[in-house]
2 protein chains.
Amino acid sequence: MVRKTKEDAELTRQRIIDAARTVFLTRGVSRSTLEHIATEAEVTRGAVYWHFKNKTEIFYALRDRAFLPLIDRMYDTLAIQTDDIDPLTQIENSLSDTINELNENIEMRQIYEIMMIKCEYVDEFATVLQQILNNCSDITEKIQLAYERAQAQNLLTTILTPHALALDTHLFFSGLLHMWVKDADGSRFRHQAKQLIQSHINLRRK
Amino acid sequence: MVRKTKEDAELTRQRIIDAARTVFLTRGVSRSTLEHIATEAEVTRGAVYWHFKNKTEIFYALRDRAFLPLIDRMYDTLAIQTDDIDPLTQIENSLSDTINELNENIEMRQIYEIMMIKCEYVDEFATVLQQILNNCSDITEKIQLAYERAQAQNLLTTILTPHALALDTHLFFSGLLHMWVKDADGSRFRHQAKQLIQSHINLRRK
DNA sequence: TTGTTTACATACATTCTTGTTTGTATATAA
DNA sequence: TTATATACAAACAAGAATGTATGTAAACAA
């Protein structure tokens, strides 16, 4: 029995992406073969080649499915201008939300782990680096806007500019994400991630 | 002409490690073959196999040659108790020193880049992750000690504990290193790394 | 109902890569 | 001076992985 309906086909496509996630996570992207992925998805390489040109295309499909949404989400929560919450708490919530999502969403967490420590950024993958840098710039800008609002409301310690504060926060959060991912057993960073974020923000409060 | 002197042999060993650095950097660790490395070192695979068991051993040799010394160095500068410089400036200098070293030492910089974005941490390489986490703990501790001295000298904003400050600083610096490495053209982070460090520290000053 | 396309499975050819084995010239120790 | 170990080079064998080509049964359109 071959030739499924369109819905069936889309389902196998998704199963291949899911399989790739599992395989990438345990073997790393470069050591994962299409045979590994096919077996994990309980299909043959024929099916994989039908849906994807090659491993790189699967990688990008996997990335787009979770990595981009998370960035968008963070981007959105930062951009929302709700006047009932003070800007500093908004930043704190935005960062905490991201950590929350990583905690609760296994798929998200695994994809992050793959992108951070199970992938070599060379050749076809090198473009991702530029994308990451661009996303970082966007997010830093959003954080800066929030800090500017905080400054306008006289909530900030006046030592640094909103721009400098935003860069510092962004670097802090980048570091936290990296450590969060590496700290697989959760003993060092994962269990106290929210406290770290809170401390970081409190340091800026007047 | 084969059979060199011991000095010659050690020289080829070093040239193989150097070659590996170049090849790892451009092709990523997993896509680098021993043939690539041998060619770059202007020897044959025979020489490579004579000096190293396999690629993994070259990887660790490369890592030990620069990665560990840099950590040790940072560790040392933090541990030195010079009373003529205030503890906060000591932390600042220690972080700046590390950035300096990365700026000036090509080998160091390239090895960092390999370890951060040209290597997949699975199987034989997974142990490195644990080492990184351990080193981070050590460095955070040293930073904390410096903050405690700063607190004793009443230099700190009293909002956070030295422990919380140390964690925040460490995460900031981790983020900075990652961004520093990714920012290959230097336009976003490399050119202003020292300012970022200075701002980060100034935020803690009373 | 039949022809065509879809959604795969299977088979094949080729290239890469690895580890090992064998060969060899020469430094070095005895 | 000679034997032996060293520091490689070269050749070999085997397995993996990739991409492509071919086969095929069922869905769907006409």
Side-chain angles (χ1 to χ4, degrees), chain A residues 1-62 114 118-120 122-125, chain B residues 1-62 114 118-120 122-125:
Chain A
M1 31 72 173
V2 231
R3 172 62 200 212
K4 324 276 182 61
T5 65
K6 269 196 176 181
E7 295 77 37
D8 285 339
E10 178 56 25
L11 215 140
T12 52
R13 199 190 115 95
Q14 294 303 325
R15 284 180 54 213
I16 290 169
I17 298 178
D18 281 335
R21 174 163 48 90
T22 304
V23 176
F24 285 167
L25 194 71
T26 55
R27 316 183 75 113
V29 174
S30 67
R31 287 181 175 181
S32 301
T33 70
L34 295 184
E35 181 65 40
H36 293 146
I37 296 172
T39 304
E40 178 74 27
E42 292 176 334
V43 290
T44 64
R45 271 170 55 244
V48 176
Y49 273 107
W50 172 254
H51 286 284
F52 302 95
K53 192 183 154 203
N54 50 31
K55 196 167 68 176
T56 309
E57 222 179 86
I58 304 179
F59 174 86
Y60 276 103
L62 181 64
I114 292 167
K118 315 272 175 158
C119 169
E120 297 175 3
V122 289
D123 304 333
E124 331 88 85
F125 303 106
Chain B
M1 30 73 170
V2 232
R3 173 64 199 209
K4 323 275 183 62
T5 66
K6 271 195 175 181
E7 294 78 35
D8 285 338
E10 178 57 25
L11 215 138
T12 52
R13 199 190 114 96
Q14 295 303 323
R15 283 180 54 213
I16 290 169
I17 298 178
D18 281 336
R21 172 163 49 89
T22 304
V23 176
F24 285 168
L25 193 71
T26 55
R27 316 183 74 113
V29 174
S30 67
R31 287 182 175 181
S32 301
T33 71
L34 294 184
E35 181 65 39
H36 294 145
I37 296 172
T39 304
E40 178 72 27
E42 292 176 335
V43 291
T44 63
R45 271 170 55 243
V48 177
Y49 273 106
W50 172 255
H51 286 285
F52 302 94
K53 192 184 155 202
N54 51 31
K55 196 167 70 176
T56 309
E57 219 178 90
I58 305 179
F59 175 85
Y60 277 102
L62 181 65
I114 291 167
K118 315 271 177 161
C119 169
E120 296 174 3
V122 289
D123 303 333
E124 331 88 85
F125 303 106

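Because only heavy atoms are used, hydrogens play no part in the values below, and waters and symmetry mates are left out as well, while side chains stay in. A note on names: the letters A, B, ... follow the listed sequences, proteins ahead of strands, and every chain is numbered from 1.
Proximity of residues 8-16 of chain A to DNA chain D (heavy atom under 4.0 angstrom from any strand atom) is not detected for any residue. Within residues 22-51 of chain A, the residues that have a heavy atom under 4.0 Å from DNA chain D are, in order of number, T33(A), L34(A), R45(A), Y49(A).
With sequence neighbours excluded, no residue forms a side-chain hydrogen bond (donor to acceptor under 3.5 Å, both in side chains) with T22(A). The side chain to side chain contact (heavy atoms under 4.5 Å, CB included) search around H36(A) returns V23(A), R27(A), T33(A), not counting sequence neighbours. Applying the ring-ring contact (aromatic ring centres under 6.0 Å, His included) criterion to F125(B), with sequence neighbours excluded, gives F59(B).
Between the P atom of dG19(C) and the CD atom of E57(B) lies a distance of 11 Å, rounded to the nearest Å. Rounded to whole angstrom, the span from the CZ atom of F52(A) across to the P atom of dA7(C) amounts to 13 Å.
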Let me see the working for I58(A) and H51(A) under side chain to side chain contact (heavy atoms under 4.5 Å, CB included), right down to the final yes or no.
CA-CA 9 Å; I58(A) 304 179; H51(A) 286 284; over 6 Å; no
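For residues 41-50 of chain B, the set of pairs meeting the side chain to side chain donor-acceptor pair (under 3.5 Å) definition, not counting sequence neighbours, comprises R15(B)-E42(B).
Using a 4.5 Å heavy-atom threshold, the side chains of I114(A) and L62(A) count as touching.
Salt-bridge formation is not detected for the pair R13(A)/E7(A): no Lys NZ or Arg NE/NH1/NH2 atom is positioned less than 4.0 Å from an Asp or Glu carboxylate oxygen.
The closest side-chain donor-acceptor pair between S30(B) and E120(B), if any, does not fall under 3.5 angstrom.
Comparing K53(A) and K6(A), the nucleotide of DNA chain D nearest to each residue sits closer to the 5' end for K53(A).
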